[in-house]
Amino acid sequence: MSQPVLLVIAHGSRDPRHAATVHALVRRVRARRPGLRAETGFLDFNIPSVQGVLESLAAEDVREVVALPLLLTRAFHAKADIPAVLREAPARLRIRQAEVLGPSPLLTAALERRLYEAGLTPADKSSTGVVLASAGSTDPEAIAVIAEIAREWRRTGWCAVRPAFASASLPRTEDAVRELRALGCERVAVAPYVLAPGFLPDRIARGAAEADVLADVLGPAPEVARVLLERYDAARVPALAAVGA
């Protein structure tokens with residue numbers, strides 16, 4: 001039996017860097033697993049749309065699809081928007097919705113990769129405070145997950161780790177930077193917990209003006225590609241319910 005098609009579902013953005021980064025990540029996924037068909041669909045702003053990809057797959061007589069939300073937390077898009085779009089898919093498709101990417105130790109490793117690429121070294125950990133800067137959400141579950149990631153990451157040796165949010169929640173990045181400075185951390189670094197550039201990541205960058213180090217977004221980091229494949233493999237298990245079944 002052929003393996004299901006992987007459909008990576010991204011939010012989409014008016015910022016062209018967003019789609020370019022998503023496509024780079026999906027290319028890395030394909031490179032890690034030759035033979036896997038991986039497609040990309042966007043909820044808004046960019047093409048192809050999720051619905052358009054699903055209709056094209058059905059027209060090709062594809063039967064099995066794993067729909068993977070390119071999201072770091074289980075907020076509104078994962079709980080409502082994406083299931084609603086998948087319910088409108090052609091009836092001949094059997095679709096399983098994979099879990100969102102986070103939390104995962106691999107994503108924490110990717111955050112550290114980006115901090116080291118920005119100039120830090122493992123020897124700097126004990127004297128460096130880190131702002132874990134996410135896009136933000138009104139969903140309490142998503143906010144709690146970010147706070148827990150910060151607590152767990154702190155235990156790996158950083159001076160301190162504080163969560164911050166670009167929208168919907170507090171504190172903002174600049175406030176967390178000042179808090180870590182007041183705490184006495186020798187240096188302060190901002191680690192954007194976002195997948196691709198865009199409006200909110202730019203807001204995080206502006207909030208990092210007083211920090212010593214600003215890491216890049218996670219983007220097509222190899223660890224992120226590995227998480228995508230982990231979520232895909234888990235969703236292939238037949239015991240998982242198909243969307244709309």
Side-chain angles (χ1 to χ4, degrees), residues 1-102 104 106-107 135 137 139 142 194-198 218-220 222 224-245:
M1 179 183 288
S2 62
Q3 57 188 338
V5 171
L6 168 60
L7 172 57
V8 176
I9 300 178
H11 183 274
S13 171
R14 292 186 179 90
D15 189 322
R17 297 173 298 166
H18 174 89
T21 302
V22 171
H23 289 308
L25 174 58
V26 174
R27 284 195 298 271
R28 188 179 282 272
V29 168
R30 294 189 189 112
R32 289 190 68 88
R33 188 168 297 181
L36 171 63
R37 180 172 178 181
E39 301 289 344
T40 306
F42 296 92
L43 291 173
D44 206 353
F45 301 116
N46 302 106
I47 55 173
S49 68
V50 175
Q51 188 67 24
V53 175
L54 291 171
E55 290 173 359
S56 295
L57 291 174
E60 294 176 37
D61 208 28
V62 168
R63 287 289 185 264
E64 302 274 342
V65 176
V66 169
L68 195 158
L70 197 61
L71 301 167
L72 294 172
T73 59
R74 269 182 45 79
F76 182 79
H77 292 304
K79 295 177 180 179
D81 281 357
I82 291 175
V85 171
L86 297 181
R87 282 193 293 270
E88 298 300 317
R92 72 187 68 179
L93 292 175
R94 185 166 186 259
I95 305 174
R96 295 189 181 96
Q97 181 175 330
E99 291 296 327
V100 298
L101 303 186
S104 167
L106 286 169
L107 294 178
S137 173
D139 189 307
V194 292
L195 287 165
L218 294 172
V224 180
R226 286 177 59 192
V227 177
L228 261 72
L229 288 169
E230 284 185 358
R231 299 294 184 254
Y232 169 80
D233 289 336
R236 293 175 63 189
V237 177
L240 286 180
V243 172

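No experiment lies behind these values; they were computed from the predicted model shown. Numbering starts at 1 and runs along the sequence shown.
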To the nearest 0.5 angstrom, please state how far the [atom1] atom of [X] sits from the [atom2] atom of [Y].
| X | Y | atom1 | atom2 | value |
| --- | --- | --- | --- | --- |
| R74 | K79 | CZ | NZ | 5.5 Å |
| L71 | L43 | CG | CG | 8.0 Å |
| I95 | R87 | CD1 | CZ | 11.5 Å |
| L93 | L86 | CG | CG | 10.0 Å |
| E60 | R37 | CD | CZ | 4.0 Å |
| T40 | L7 | OG1 | CG | 7.5 Å |

Is there side-chain contact between [X] and [Y], with at least one heavy-atom pair below 4.5 Å?
| X | Y | value |
| --- | --- | --- |
| L228 | R32 | no |
| E39 | V62 | no |
| L107 | V224 | yes |
| V29 | V8 | no |
| L195 | T21 | no |
| I9 | V85 | no |

What are the two closest heavy atoms between [X] and [Y], and how far apart are they?
| X | Y | value |
| --- | --- | --- |
| P90 | Q51 | CD-NE2, 4.4 Å |
| G41 | V50 | C-CG2, 3.7 Å |
| A196 | H18 | CB-ND1, 3.7 Å |
| R236 | P4 | NE-CD, 3.6 Å |

Inset, instruction - Identify whether the distance between the nearest side-chain nitrogen and carboxylate oxygen of D233 and R231 falls below 4.0 Å. - result: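 So D233 does not pair with R231 through a salt bridge.
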Inset, instruction - Evaluate the criterion side chain to side chain contact (heavy atoms under 4.5 Å, CB included) for residue pair Y232 and R33; output intermediate values, then yes/no. - result: CA-CA 12 Å; Y232 169 80; R33 188 168 297 181; 3.8 Å; yes
Ignoring hydrogens and angles, tell me if any N or O in the side chain of [X] forms a donor-acceptor pair with the backbone of [Y] under 3.5 Å.
| X | Y | answer |
| --- | --- | --- |
| Q97 | A78 | yes |
| Q3 | G35 | yes |
| N46 | S13 | yes |
| R30 | A38 | yes |

Inset, instruction - Decide if atom CZ of R14 counts as having more than 12 heavy atoms of other residues, nucleotides or ligands within a radius under 6.0 Å. - result: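 12 or below, so no.
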Inset, instruction - Give a yes or no on whether R17 atom CZ has more than 12 heavy-atom contacts from other residues, nucleotides or ligands under 6.0 Å away. - result: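 More than 12 heavy atoms, drawn from other residues, nucleotides or ligands, come within 6.0 Å of this atom.
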Inset, instruction - Evaluate the side chain to side chain contact (heavy atoms under 4.5 Å, CB included) criterion for residues V100 and L72: first the C-alpha distance (whole Å), next the side-chain angles of each, then the deciding distance (0.1 Å), finally the verdict. - result: CA-CA 6 Å; V100 298; L72 294 172; over 6 Å; no
Inset, instruction - For the pair F42 and H23, name the ring-plane relationship: parallel under 30°, tilted 30 to 60°, perpendicular over 60°. - result: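 Plane angle over 60°, so perpendicular.
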